[in-house]
Amino acid sequence: MLPEGYDTVETTVRAVLRDVLGLSADRVAGFTATTPLFGAVPELDSMAVAGVLTETEDRLGILIEDDEVDGDMLETFGALVEFAASKALV
């Protein structure tokens, strides 16, 4: 069972990826928990990561510390949502 508010976090992460990376709404809507991100979505390069994380912080009202950013959190859409949810739903 997913925690209360998880759907809101997932929707927010989808919106951030769409808005910051310029991805189509249909493309982002098709992302599942196992959809690979960093290294698989060309728009999500090392320069775009900062924008995605900053916008996620702003929209969810969270703080992402530099030492929390690693390849695992950006590996899949599900991993990014889980990370954001772990920060936002405490």
Side-chain angles (χ1 to χ4, degrees):
M1 177 149 169
L2 298 173
E4 185 176 335
Y6 188 89
D7 288 344
T8 301
V9 172
E10 183 176 323
T11 299
T12 300
V13 172
R14 284 184 195 280
V16 167
L17 292 174
R18 183 190 67 231
D19 296 346
V20 173
L21 302 180
L23 302 177
S24 72
D26 288 342
R27 183 173 176 196
V28 175
F31 284 2
T32 67
T34 59
T35 299
L37 291 181
F38 195 71
V41 175
E43 296 86 351
L44 184 60
D45 59 18
S46 57
M47 295 298 291
V49 168
V52 167
L53 297 180
T54 300
E55 191 65 23
T56 300
E57 286 179 320
D58 291 348
R59 293 190 191 189
L60 291 175
I62 61 175
L63 178 63
I64 301 171
E65 300 292 345
D66 290 344
D67 64 352
E68 294 175 309
V69 179
D70 62 25
D72 291 343
M73 72 176 282
L74 295 164
E75 187 174 345
T76 64
F77 176 71
L80 182 56
V81 172
E82 287 286 329
F83 175 81
S86 75
K87 302 290 282 183
L89 303 177
V90 290

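Hydrogens, waters and symmetry mates are skipped; everything else that's a heavy atom, side chains included, is used.
- Taking all atoms of both residues into account, the shortest heavy-atom contact from Tyr6 to Val81 is OH-CG1, 3.3 Å.
- Side-chain atoms of Asp66 never come within 3.5 Å of backbone atoms of Val69 as a donor-acceptor pair (strictly under, hydrogens ignored).
- Considering every non-hydrogen atom in both Leu89 and Pro3, the closest pair reads CD1-CG, 4.1 Å.
- Taken to the nearest 0.5 Å, the CE atom of Met73 stands 8.5 Å off from the OG atom of Ser86.
- Remark: Glu43 engages Arg27 in a side chain to side chain donor-acceptor pair (under 3.5 Å) (not counting sequence neighbours).
- The structure places CD of Glu57 at 10.0 Å from CD of Glu55, a figure rounded to the nearest 0.5 Å.
- When all heavy atoms are compared, the tightest approach of Val9 to Ala84 is CG1-CB, 3.8 Å.
- When all heavy atoms are compared, the tightest approach of Leu21 to Ala48 is CD2-CB, 3.6 Å.
- Applying side chain to side chain contact (heavy atoms under 4.5 Å, CB included) to Phe38 and the options Leu80, Leu74, Thr76, Val52 leaves one that passes, Leu74.
- Note that OG1 of Thr12 and CG of Leu60 are 5.0 Å apart. Values are rounded to the nearest 0.5 Å.
- Between the side chain of Thr35 and the backbone N or O of Thr32, at least one donor-acceptor pair lies under 3.5 Å.
- Annotation: side chain of Phe83 is in contact with side chain of Ile64 (closest heavy-atom distance under 4.5 Å).
- For residues 9-19, the set of pairs meeting the salt bridge (charged side-chain N to carboxylate O under 4.0 Å, His left out) definition, not counting sequence neighbours, comprises Glu10-Arg14, Asp19-Arg59.
- Residues Leu17 and Phe31 form a side-chain contact, since some pair of their non-hydrogen atoms from C-beta on lies under 4.5 Å apart.
- Within the 4.5 Å cutoff, the side chain of Ile62 has heavy atoms near those of the Thr56 side chain.
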